[in-house]
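The structure under discussion appears below in the form of structure tokens.
Note on naming: letters A, B, ... go to the chains in the order of the sequence lines (proteins, then strands), and numbering restarts at 1 for each one.
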Protein chains: 2
Amino acid sequence: MTSRDHAVVRLALDLAILTVREGALQVLTVTRGNEPFRGRPALPGGFLRDGEDLHAAAVRELREETALDGGAMHLEQLSVYGAPDRDPRGRIISVAYLAIVPDLPAPTAGSDAVAAAWLPVAAIRGGLAFDHDRILDDAVERARSRLEFTTLATAFCAPVFTIGDLRTVYEVVWGQSLDPRNFSRKVLSTVGFVEATDEKRNPLVGRPAALYRRGDRTVLNPPILRGAATVA
Amino acid sequence: MTSRDHAVVRLALDLAILTVREGALQVLTVTRGNEPFRGRPALPGGFLRDGEDLHAAAVRELREETALDGGAMHLEQLSVYGAPDRDPRGRIISVAYLAIVPDLPAPTAGSDAVAAAWLPVAAIRGGLAFDHDRILDDAVERARSRLEFTTLATAFCAPVFTIGDLRTVYEVVWGQSLDPRNFSRKVLSTVGFVEATDEKRNPLVGRPAALYRRGDRTVLNPPILRGAATVA
DNA sequence: ACAAAAGTGTTCCTTCTACACCCATGA
DNA sequence: TCATGGGTGTAGAAGGAACACTTTTGT
């Protein structure tokens, strides 16, 4: 065996599961019970199994962590992280996935016996194990970009939602405030973005808001661009 | 060993190396000398080596195929392809990279003893080995999108080039014609896209064109969007 | 002089932005 | 009737598309 041999690697999957909770962009983390990085938060993940498809493995991990299935969430491949020294236990290549989920009623406990918790992305600041800070950075930037060009924002929302709910997603993920009136028009004038229901929701105070469902469309044309606008 | 064990995988890299040659978008292919898919064209690639960084491995493969180094080209990770049955020889996960190179003076021969050839992307139509057709599709779409939002088009060009050369890249990659006058203005009004030289190039007929170098900027703001415009 | 390609100026139209204004509800 | 959030109209600014027109070369 020389150094020119084919590398022997293990293939891991890591999930950056994002949601909007309590007015902040949050990510699901698990606390590591073993070395290395014992006690530090990390992104949930696991190893690929024999004969298992990559995407199917990501779906499985997501279900184990959030009990969410199929259509209720968004799951896409993010990138591969394969620096030789990224894991002190050996050569482990990680395929990272970005998942977007609504604010879950059952908040945290996964089926694994590890402590899972939602942490605000803004509060993490380099505290994750391995190279997961970099994965999280990439995930957040991908999500921000997806809001511009796709209807991904609806994946952050419950099955029915108001235009105001949707706007809050944009404001929290982008970290800037948007004009409610122009936002409303843009969303409603894009056919297939949202689909009207005949229900309304009464806020604690103020005029009732119409409720909508997700539409068929996935790509946003024209896009909703984040300007260098007024940061909230 | 049950099916719940961690999968044992080999990790391959495949390169979609794109260029503009003879007025067409072309991709570098190698003809397979062994089964499976013997005699069929495939994307060049190879296996990750012990202790080798993923991106470094992609750079190495690109150099082996094109004798191009570092700054003269663009190289970015595309995606991971990991369907269990994607390679009949066993469980091989492939990390695909997109490379953009200028029209090379030394056209084809790689250092390996395999037959390398540039093929027009439009002429391939499902003829590649493994799942390389899908990788190529993803690569072309990524390149098209990159032209909209980044200065990637300069990576298709020689070290010095005219605005007309650059426009040809857009037209060939997008498959649509652009207004030369508006295109010229957009490029020149984006500071950092191209950098003027004081040389000119005389075409066989017509007014000489100013020559430019790549600029510092990588992101294009505002972007140059492909309309649903007049298809060439 | 003429053909061909490079580049400039100008007009029209679409889209974004900002903000005045009206609507519907609970307390 | 007042505070609060939902939603419409509209004027100005900015950017893209189309195209007439000028410039510079080789033959």
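In terms of heavy atoms, Leu128(B) sits closest to Arg40(B) at O-NH2, 3.3 Å. Across Ile93(A) and Gly82(A), no two heavy atoms sit closer than the pair CD1-CA, 3.7 Å. In terms of heavy-atom proximity, Leu25(B) sits nearest to Phe156(B) at CD1-CE2, 4.1 Å.
Near-neighbour residues of DNA chain C inside residues 202-211 of chain A, defined by a heavy atom below 4.0 Å, number-ordered: Asn202(A), Leu204(A), Gly206(A), Arg207(A), Pro208(A). The stretch residues 151-167 of chain B has no heavy atom under 4.0 Å from DNA chain D, so no residue of it qualifies as close. Sorted by residue number, the members of residues 179-193 of chain B with any non-hydrogen atom under 4.0 Å from DNA chain C read Arg181(B), Arg185(B).
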Notebook entry, point to check: What's the verdict on side-chain contact (heavy atoms from CB on, under 4.5 Å) for Val187(B) and Tyr212(B), showing C-alpha distance, side-chain angles and the deciding distance?
Noted result: CA-CA 11 Å; Val187(B) 171; Tyr212(B) 296 87; over 6 Å; no
Note to self: Using side chain to side chain donor-acceptor pair (under 3.5 Å), reason through Ser94(B) and Asp14(B) one step at a time and then give a plain yes or no.
What the structure shows: CA-CA 7 Å; Ser94(B) 172; Asp14(B) 288 309; 2.7 Å; yes
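Going from atom CD1 of Ile224(B) over to atom P of dG15(D) covers 14 Å, rounded to whole Å. Remark: C1' of dT25(D) and NZ of Lys200(B) are 11 Å apart, rounded to the nearest angstrom.
In this structure Phe161(A) satisfies the ring pair (Phe, Tyr, Trp, His ring centres under 6.0 Å) test with no other residue, sequence neighbours excluded. Residues meeting the side chain to side chain donor-acceptor pair (under 3.5 Å) test with Glu148(A), sequence neighbours left out: Arg226(A).
Sequence neighbours left out, the pairs with a member in residues 195-211 of chain A that pass side chain to side chain donor-acceptor pair (under 3.5 Å) are Asp165(A)-Arg201(A).
Of the candidates Ile17(B), Leu54(B), Val59(B), Tyr97(B) forms a side-chain contact (heavy atoms from CB on, under 4.5 Å) with just one, namely Leu54(B).
Within a 6.0 Å sphere centred on CZ of Arg134(B), heavy atoms belonging to other residues, nucleotides or ligands number 12 at most.
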